[in-house]
Colleague: 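Here it is, the structure, as structure tokens.
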There are 4 protein chains.
Amino acid sequence: MNRNSNHNSQTQGRKEREWELRRQEILDAAQKIFEKGGYFNATMAQIASEAEFGVGTLYQFFPNKQGLFAEVILREVESFMQGLRDLLSTRSLWQEQLKLFVEYKLTWVDKRPEFQRLVMEIFYAPIHDVAPQIIDEFKELHMENLQILQDIFIQANKDGYTFDPDLMSIATMGTLNAIASDWYMGLLKKAPIEYISGVLNGILGGKRDV
Amino acid sequence: MNRNSNHNSQTQGRKEREWELRRQEILDAAQKIFEKGGYFNATMAQIASEAEFGVGTLYQFFPNKQGLFAEVILREVESFMQGLRDLLSTRSLWQEQLKLFVEYKLTWVDKRPEFQRLVMEIFYAPIHDVAPQIIDEFKELHMENLQILQDIFIQANKDGYTFDPDLMSIATMGTLNAIASDWYMGLLKKAPIEYISGVLNGILGGKRDV
Amino acid sequence: MNRNSNHNSQTQGRKEREWELRRQEILDAAQKIFEKGGYFNATMAQIASEAEFGVGTLYQFFPNKQGLFAEVILREVESFMQGLRDLLSTRSLWQEQLKLFVEYKLTWVDKRPEFQRLVMEIFYAPIHDVAPQIIDEFKELHMENLQILQDIFIQANKDGYTFDPDLMSIATMGTLNAIASDWYMGLLKKAPIEYISGVLNGILGGKRDV
Amino acid sequence: MNRNSNHNSQTQGRKEREWELRRQEILDAAQKIFEKGGYFNATMAQIASEAEFGVGTLYQFFPNKQGLFAEVILREVESFMQGLRDLLSTRSLWQEQLKLFVEYKLTWVDKRPEFQRLVMEIFYAPIHDVAPQIIDEFKELHMENLQILQDIFIQANKDGYTFDPDLMSIATMGTLNAIASDWYMGLLKKAPIEYISGVLNGILGGKRDV
DNA sequence: TATGAATGAGCTTTCATTCAT
DNA sequence: AATGAATGAAAGCTCATTCAT
């Protein structure tokens with residue numbers, strides 16, 4: 001799950017568990033600070049203070065500020081993705097999967113409005129230039145989202161729909177992200193979750209090839 | 001209207017024209033640097049060097065780094081909006097307007113792939129906090145986009161379509177922005193302009209209420 | 001009179017007179033700005049703007065900021081001294097001269113409360129280090145003050161007083177300057193001119209050697 | 001009372017004592033640099049170099065240049081005042097107190113000739129504008145001086161003298177400060193301490209109302 | 001002669017990172 | 001292992017001075 005935890009939790013000793021605990025405390029603190037003002041306005045001292053550790057301690061767990069930021073982002077994105085994977089694996093009908101996908105994403109946006117901002121920060125240069133592995137990993141996860149949607153639309157076409165899976169996956173993600181952005185900007189008339197049925201209708205309404 | 005529109009050389013002296021020229025040179029240089037590494041990684045020294053001016057000169061034309069950034073963003077966004085307004089005013093049928101809108105946006109994305117990143121940078125906290133007038137002005141322009149699309153979908157409904165104009169304006173913008181983002185990230189299979197007909201079909205296909 | 005004016009005003013042409021006029025305008029403007037915030041907070045641009053000249057023009061009349069400041073100070077101090085000399089030359093009795101001295105100084109303080117501050121600024125380092133000629137000239141004028149007072153007290157001793165001229169000249173100047181400082185600081189209960197008789201009484205009262 | 005008086009090493013840990021030590025080292029270095037060229041010519045880099053610390057370290061102990069300057073001034077002034085208070089509290093006769101006051105001030109001037117300049121710098125505009133608490137605190141201490149002298153002269157009047165306490169306090173301070181200034185400027189024939197008896201004679205000589 | 005646009009050295013201040021304890 | 005004092009490079013911005021017009 002976590003890239004730095006031992007895979008076999010049976011063999012973890014107290015030491016390892018405490019270490020992982022402190023690591024997560026730091027990540028929690030860092031996420032809070034990063035969400036407040038973005039990467040550049042966060043300082044290691046603020047994060048250390050929030051985490052109730054010394055500044056030096058942060059560097060025992062993470063190589064530098066960028067590495068800490070990367071872990072925060074990826075932990076959140078992976079948490080989102082894992083929840084999505086778990087959810088979709090419970091259903092096999094594409095209609096149900098599409099509904100769950102839209103519900104899950106918009107519920108997440110509702111609960112974690114800063115998430116969108118945090119994710120958008122990835123496209124910034126310093127992370128671009130100096131920590132390309134983050135952007136790569138993020139791209140992969142973004143593509144996983146698109147692939148899930150494409151598979152759904154491919155299934156739909158087997159039921160007589162005529163979606164362009166490539167375009168529709170982009171359009172669906174784009175629509176959901178636009179709802180998130182506009183919500184974050186305060187431009188939305190309704191809460192994100194109230195758009196669920198509208199989005200589904202918009203996708204499915206009258207699209208069947210008969 | 002447009003703050004850069006005093007191009008009436010009839011009433012401008014040589015001084016004014018040269019002043020405006022230098023101002024645009026600085027804005028060009030700043031845009032280049034800002035696009036490369038984002039607001040925070042850009043330094044005034046880099047911009048000055050790129051513009052082939054001394055650092056002090058930048059401060060003769062702009063009050064500070066933020067002000068310069070704001071002008072860069074707004075110049076670009078307003079240029080986009082003005083082109084859009086001019087274009088749409090030539091047609092009155094909603095179908096034609098929608099087609100022009102999608103074409104215009106995707107053509108722009110094709111020509112200026114950095115534009116999306118530049119615009120996304122606005123949502124960052126520091127600019128948020130310290131220069132709220134930028135974010136306000138940007139919001140207004142974003143809402144103008146949405147309003148144009150809503151008007152188009154309202155017209156469409158008079159022709160028997162059953163669009164939800166609110167949702168469809170968000171979805172259309174979101175889809176176009178997603179194409180822009182994915183293009184910028186290198187995740188797109190085709191160039192943005194190749195998605196034009198797909199997007200239009202996706203919106204219009206089978207949506208008529210009959 | 002003015003160190004930069006031709007001595008023979010008969011031979012001054014229009015050019016010379018206009019030049020001197022502009023010079024004084026700049027000095028007036030500079031004095032106003034220097035008095036407002038001191039030497040370091042004044043900028044050449046402010047002074048130029050106040051004088052309604054271009055910045056470059058300032059450098060046609062004065063070598064640099066320090067030189068301009070020096071001229072401002074010395075013009076004021078010399079004006080003070082010249083007025084004092086003229087005034088004292090009208091009387092020969094030491095009692096009258098002492099009275100005039102005290103009156104003159106305190107009236108000046110009343111009219112030009114910033115004068116004290118301006119003069120104190122001389123002791124600052126930049127002028128100290130880089131323009132020692134100013135401090136020297138100022139010292140000379142300060143010593144002229146002390147000498148005038150010493151002469152008065154020497155005369156007084158011939159009338160039976162037992163002043164220590166050296167100490168009394170310092171004490172008298174110090175008292176008058178203290179009134180000026182405290183007035184400038186807003187710590188004085190009465191206006192400077194209301195201290196005139198008190199100061200004279202304090203010096204003369206019961207001092208006669210009988 | 002005195003902000004630097006936490007010298008009770010009983011209750012202080014090693015950390016606290018070392019912290020206070022470094023703080024004083026920085027203040028010493030800053031005082032040296034400020035005395036040399038005044039507030040504006042001093043740079044934080046010079047002070048850091050003199051203190052043998054990095055520049056950043058200065059900002060761990062003081063909020064900014066102005067704060068550092070304020071502490072330097074107030075440390076010195078309060079040290080002067082505390083010594084004065086302690087000294088005067090040992091005697092109750094006004095004659096003795098006046099003698100001690102004059103001696104103390106002139107001895108201080110002798111030992112710390114830069115002190116006067118440092119104090120005069122307070123009256124400068126920038127410090128005036130931006131750090132008004134310094135000027136306020138300084139005014140209070142100056143007024144404490146004047147009050148001490150006024151009390152002395154009020155006592156004297158009970159013994160038959162006819163001093164104007166208000167004026168005499170100003171005159172006495174002014175005289176002592178004038179000795180300090182002239183000494184600093186190199187205009188004095190004798191060392192400050194050699195003026196002690198002269199000043200006392202000047203004040204008391206023949207002043208009794210009989 | 002008068003100008004003011006252009007300059008760039010130099011300032012204060014911040015903060016990620018290190019390392020002695 | 002945990003600390004946080006110390007660091008110093010690097011940033012934004014100012015302004016006295018110059019010089020082409």
Side-chain angles (χ1 to χ4, degrees), chain A residues 15 18-19 22 40-49 51-69 126, chain B residues 14-15 18-19 22-23 26 40-49 51-68, chain C residues 15 18-19 22 26 39-49 51-69 126, chain D residues 14-15 18-19 22-23 26 40-49 51-68:
Chain A
K15 278 270 184 67
E18 285 183 350
W19 187 82
R22 284 195 295 275
F40 285 100
N41 289 329
T43 70
M44 292 302 267
Q46 276 176 68
I47 294 169
S49 163
E52 296 184 323
F53 280 108
V55 235
T57 309
L58 267 49
Y59 286 85
Q60 306 257 350
F61 290 85
F62 302 94
N64 51 33
K65 192 186 176 186
Q66 284 185 11
L68 177 52
F69 183 70
Chain B
R14 188 175 49 80
K15 278 270 184 66
E18 285 183 349
W19 186 83
R22 283 194 296 275
R23 206 169 175 280
I26 292 172
F40 285 101
N41 289 318
T43 73
M44 293 302 270
Q46 276 176 68
I47 294 170
S49 163
E52 295 185 316
F53 281 109
V55 219
T57 308
L58 303 190
Y59 289 87
Q60 302 233 351
F61 290 86
F62 303 94
N64 50 35
K65 192 185 174 185
Q66 282 186 15
L68 177 51
Chain C
K15 278 271 186 65
E18 285 183 349
W19 188 81
R22 284 195 295 274
I26 292 172
Y39 176 81
F40 284 100
N41 290 328
T43 71
M44 293 302 268
Q46 276 176 70
I47 294 169
S49 163
E52 295 182 324
F53 280 107
V55 236
T57 310
L58 267 49
Y59 287 84
Q60 306 257 350
F61 290 86
F62 302 94
N64 50 32
K65 192 184 175 186
Q66 285 183 11
L68 178 51
F69 183 70
Chain D
R14 185 174 52 78
K15 279 269 185 66
E18 284 183 350
W19 186 82
R22 285 194 296 275
R23 206 169 175 280
I26 292 172
F40 286 100
N41 288 318
T43 72
M44 292 302 268
Q46 275 176 68
I47 293 170
S49 162
E52 296 185 316
F53 280 110
V55 222
T57 308
L58 303 189
Y59 288 86
Q60 301 234 350
F61 291 86
F62 303 94
N64 50 35
K65 192 184 176 186
Q66 281 186 16
L68 177 52

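All values below come from the heavy atoms of this structure, side chains included, with hydrogens, waters and symmetry mates left out. Sequence lines set the chain letters: A, B, ... in the order given, protein chains first and strands last, and positions in each chain run from 1. Computed from a predicted model, the values in this text were never measured in an experiment.
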Colleague: Measure from CZ on A:Phe69 to P on E:dA16 and round the result to the nearest Å.
Modeller: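 A:Phe69 atom CZ is separated from E:dA16 atom P by 13 Å.
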Colleague: C:Asn41 has an atom CG; how far is it from atom P of E:dC11, in whole Å?
Modeller: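 For the pair C:Asn41 CG and E:dC11 P, the rounded distance is 16 Å.
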Colleague: Go through D:Phe61 and D:Trp19 one step at a time and tell me if the side-chain contact (heavy atoms from CB on, under 4.5 Å) criterion holds.
Modeller: CA-CA 9 Å; D:Phe61 291 86; D:Trp19 186 82; 3.3 Å; yes
Colleague: Figure out the CD/C1' separation between C:Glu52 and E:dG4, and round it to whole Å.
Modeller: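 Those two atoms, CD and C1', are 16 Å apart.
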Colleague: As an exercise, state the distance from CD of D:Gln46 to CG of D:Asn41, rounded to the nearest 0.5 Å.
Modeller: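 Interatomic distance, D:Gln46 CD to D:Asn41 CG, rounded to 0.5 Å: 8.0 Å.
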Colleague: Distance from C:Ile26 atom CD1 to C:Leu58 atom CG, nearest 0.5 Å?
Modeller: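 CG of C:Leu58 is found 5.0 Å from CD1 of C:Ile26.
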Colleague: Could you label the plane-to-plane angle of the A:Phe40 and B:Phe40 rings as parallel, tilted or perpendicular, counting under 30° as parallel and over 60° as perpendicular?
Modeller: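 Rings of A:Phe40 and B:Phe40: parallel, under 30°.
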Colleague: Of A:Arg22 and D:Gly54, whose nearest nucleotide on DNA chain F comes first from the 5' end?
Modeller: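 Whichever sits nearer the 5' end wins; that is A:Arg22.
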Colleague: Give the dot-bracket line for DNA chain E from 5' end to 3' end: parentheses for intra-strand Watson-Crick or G-U pairs under 3.5 Å, square brackets for crossings, | for inter-strand pairing, dots for unpaired.
Modeller: .||||||||||||||||||||
Colleague: Return the value, rounded to whole Å, for the distance between atom CD1 of C:Ile47 and atom P of E:dG4.
Modeller: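 Distance check: C:Ile47 CD1 to E:dG4 P gives 16 Å.
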Colleague: Output the rounded distance in Å from OH (D:Tyr59) to C1' (E:dA16).
Modeller: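 Roughly 18 Å, once rounded to whole Å.
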Colleague: Could you check how far CZ of A:Phe61 sits from P of E:dA16, rounded to whole Å?
Modeller: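 Going from A:Phe61 (CZ) to E:dA16 (P), I get 19 Å.
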Colleague: Calculate the interatomic distance between D:Gln60 atom CD and E:dT14 atom P; express it in whole Å.
Modeller: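 Rounding to the nearest Å, CD of D:Gln60 and P of E:dT14 are 12 Å apart.
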Colleague: Taking for each residue the nucleotide of DNA chain F bearing the nearest heavy atom, is the 5' side occupied by B:Met44 or by A:Phe53?
Modeller: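 Whichever sits nearer the 5' end wins; that is A:Phe53.
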Colleague: Please classify the nucleic acid contact of B:Ala51 as base, sugar-phosphate, or nothing, using heavy-atom distances under 4.0 Å.
Modeller: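 Counting heavy atoms under 4.0 Å across all strands, no contact is made by B:Ala51.
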Colleague: Contact class for B:Thr43 (heavy atom, under 4.0 Å): base, sugar-phosphate, or nothing?
Modeller: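 Here B:Thr43 touches the backbone only, sparing every base.
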Colleague: Heavy atoms of chain B, cut-off under 4.0 Å: which first and last nucleotide of DNA chain F, 5' to 3', fall inside that, if you could look?
Modeller: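 So the outermost contacting nucleotides come out as F:dA11 to F:dC15.
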Colleague: State the NZ-OH distance between C:Lys65 and C:Tyr39, to the nearest 0.5 angstrom.
Modeller: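 Atom-to-atom, C:Lys65:NZ and C:Tyr39:OH are 5.0 Å apart.
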Colleague: For B:Phe62, which contact category applies under a 4.0 Å heavy-atom criterion: base, sugar-phosphate, or nothing?
Modeller: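 If one applies the 4.0 Å heavy-atom cut-off, B:Phe62 turns out to touch nothing in the nucleic acid.
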Colleague: Could you measure the distance from the OG1 atom of D:Thr57 to the CE atom of D:Met44? Nearest 0.5 Å is fine.
Modeller: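 Answer rounded to 0.5 Å: 10.5 Å.
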Colleague: Assign each of B:Trp19 and D:Val55 to its nearest nucleotide of DNA chain E by heavy atoms, then name whichever residue's nucleotide is nearer the 5' end.
Modeller: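 By nearest-heavy-atom nucleotide position, the 5'-most residue is B:Trp19.
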Colleague: Starting from the 5' end of DNA chain E, give me the residue, D:Asn64 or A:Ala42, whose nearest nucleotide shows up first.
Modeller: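 Taking each residue's closest nucleotide, the earlier one in sequence belongs to D:Asn64.
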